Amino acid sequence: MTHTSGAAKPFASSADTAAKEQTLEVLADGVYALTAEGDPNIGAVEGEDFLVCFEALATPVAAEKWLAKLREHTDKPVRYLVLSHYHAVRVLGASAFDAETIVSHEITRDLVAERGKQDWESEFARMPRLAEAADSVPGLTWPTLTFADRLTVDLGGDRGDLVLQYHGRGHTEGDITAWLPRQKILFAGDLVEAQAALYTGDAFHRDWAGTTLDAVKALGAEQLVGGRGAVSRGRTEVDAAIEQTRGFLQVMIREVGGVQQRGGTLKEAFEAAHAALVDDYGHWPIFEHCLPFDVSRLWDELSGIERPVIWTAERDQEVWAQLQG
């Protein structure tokens with residue numbers, strides 16, 4: 001089926017105004033996840049006398065609502081706020097955490113410097129509901145501690161370690177995961193989505209679908225918190241989430257690559273990818289929103305444009321009009 005419609009689709013997620021129900025789940029003693037029906041997930045891990053929080057949501061006001069739920073379980077101060085990657089709706093709520101240290105991959109810090117302002121304007125226009133009280137954001141979120149490969153946090157007492165790790169380029173150039181080897185719980189960030197569509201506008205599709213997801217899978221997680229969607233519990237569900245993520249990428253690479261190789265257009269590539277994905281993935285959150293940006297980036301990547309072109313609010317509208325219009 002080709003994707004045609006009489007009326008233009010509302011831009012990105014601008015028409016998505018219904019509030020999502022947030023659910024705080026206790027995954028193990030002192031290990032928490034907040035999921036919200038396909039909205040960005042967020043997590044926290046207790047150390048002996050401190051907290052490590054994972055992801056920061058889009059605004060301080062949005063983050064304060066999560067922290068109020070978390071404070072029903074623990075009043076420990078936030079020592080580390082870990083950012084899995086740089087996208088505005090994941091990081092601009094950081095000031096609410098009053099964290100001693102904000103941790104990211106070193107490349108993520110470079111991305112904030114290179115494209116943070118543009119990404120902020122782009123993402124808040126795409127997802128206005130997530131940008132609750134947008135004027136409460138004091139400015140860009142800057143990591144204060146960065147690393148290249150691995151950073152281990154000793155949680156103290158008998159709580160074991162939290163291992164922050166880079167597995168290669170994927171959803172962005174600088175994604176990291178947070179892994180609890182003792183509990184076998186993985187916070188995967190947007191490297192894995194559990195029945196939520198992938199956003200790949202800043203991605204390295206071939207690395208992500210190959211060695212990066214291989215490395216994530218090799219950890220052997222028994223519970224996985226992806227970037228969006230429900231918590232995956234048990235090896236079968238965890239592996240399914242990883243393979244669904246990989247499958248989405250592989251279908252896109254096959255379809256967009258095929259159109260490009262026969263000399264087709266970006267619009268034809270979008271329609272081919274949409275037709276190939278919609279039956280399996282079209283009912284997932286943010287599918288229609290993401291796909292134009294996904295295909296545009298993949299087209300560039302397969303054309304030899306190594307690093308993602310910076311998204312601006314203006315470029316967003318042009319790509320949307322060209323592909324979803």
Side-chain angles (χ1 to χ4, degrees), residues 34 40-45 47 50-64 66-67 70 76-124 130-131 134 136-155 161-180 186-192 199 201-204 208 212 216 225-227 307-308 310-311:
L34 188 79
N41 293 336
I42 191 163
V45 178
F50 64 92
L51 276 172
V52 182
C53 288
F54 190 71
E55 314 288 36
L57 296 178
T59 68
V61 167
E64 281 161 8
W66 147 241
L67 287 166
L70 184 61
K76 294 172 183 175
V78 180
R79 183 175 296 173
Y80 299 103
L81 173 60
V82 178
L83 306 176
S84 70
H85 65 286
Y86 179 75
H87 275 135
V89 296
R90 299 285 186 184
V91 304
L92 291 179
S95 60
F97 291 80
D98 197 23
E100 282 181 38
T101 304
I102 299 176
V103 187
S104 80
H105 194 270
E106 60 190 23
I107 292 172
T108 295
R109 194 180 200 288
D110 294 341
L111 291 173
V112 177
E114 179 189 43
R115 58 187 68 202
K117 184 80 164 62
Q118 296 96 321
D119 188 84
W120 181 355
E121 292 168 358
S122 161
E123 290 222 329
F124 277 30
L130 298 184
S136 66
V137 178
L140 290 171
T141 297
W142 290 96
T144 58
L145 174 64
T146 64
F147 65 96
D149 297 315
R150 181 193 297 242
L151 180 69
T152 300
V153 176
D154 179 354
L155 296 172
D161 290 334
L162 177 68
V163 181
L164 308 179
Q165 196 166 353
Y166 180 67
H167 304 282
R169 301 185 304 184
H171 172 73
T172 71
E173 247 171 306
D175 298 83
I176 59 173
T177 61
W179 168 233
L180 290 161
L186 180 66
F187 292 91
D190 279 323
L191 286 173
V192 180
Y199 175 66
D202 293 307
F204 295 78
W208 187 0
T212 300
V216 171
V225 183
R307 300 188 65 243
I310 295 173
W311 291 103

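Keep in mind the model is a prediction, meaning the values are calculated, not measured. Heavy-atom basis, side chains included; hydrogens, waters and symmetry copies ignored.
Two residues are said to be in side-chain contact when any heavy atoms from C-beta on lie closer than 4.5 Å; Y199 and D190 fail this criterion. Counting heavy atoms from C-beta on, the side chains of W66 and F97 come closer than 4.5 Å. With contacts defined as side-chain heavy-atom distances shorter than 4.5 Å, the pair T101/L81 does not qualify. The shortest side-chain heavy-atom distance between L51 and V45 does not fall under the 4.5 Å cut-off. Residues L83 and V103 fail the side-chain proximity criterion, which asks for heavy atoms closer than 4.5 Å. The shortest distance between side-chain heavy atoms of W142 and I102 does not fall below 4.5 Å. Looking at heavy atoms from C-beta onward, D119 lies out of side-chain contact with W311 at the 4.5 angstrom threshold.
Not counting sequence neighbours, E106 has no partner by the salt bridge (Lys or Arg N to Asp or Glu O under 4.0 Å) test. Residues forming a side-chain hydrogen bond (donor to acceptor under 3.5 Å, both in side chains) with E55 (at least two apart in sequence, or on another chain): S84.
Between L164 and A178 the shortest heavy-atom distance is CD2-CB, 3.6 Å. Of all heavy-atom pairs spanning D154 and F50, the tightest one is O-CZ, 3.6 Å.
Atom-to-atom distance recorded for E173:CD and D110:CG is 8.5 Å, nearest 0.5 angstrom. Atoms CD1 and CZ, on I176 and R150 in that order, are 12.5 Å from each other to the nearest 0.5 Å. In this structure, H105 NE2 and H85 NE2 are separated by 14.0 Å, a value rounded to the nearest 0.5 Å. The OG1 atom of T144 sits 8.5 Å away from the CZ atom of R109 when rounded to the nearest 0.5 Å. Atom CG of L70 is separated from atom CG of L34 by 9.0 Å, given to the nearest 0.5 angstrom.
The residue from L92, L130, V89 that alone fulfils the side-chain contact (heavy atoms from CB on, under 4.5 Å) condition with E123 is V89.
A salt bridge does not link D202 with R307: every distance from a Lys NZ or Arg NE/NH1/NH2 to an Asp or Glu carboxylate oxygen is 4.0 Å or more. For R115 and E121, the salt-bridge test fails: no basic side-chain N is under 4.0 Å from an acidic carboxylate O.
A 6.0 Å sphere centred on NZ of K76 holds more than 12 heavy atoms belonging to other residues, nucleotides or ligands.
Defined by atom type and a distance below 3.5 Å, a donor-acceptor pair is present between the side-chain atoms of T172 and D175. T177 and H167 share a side-chain donor-acceptor pair at under 3.5 Å. Residues H171 and H87 have side chains that bring a donor and an acceptor to within less than 3.5 angstrom of each other.
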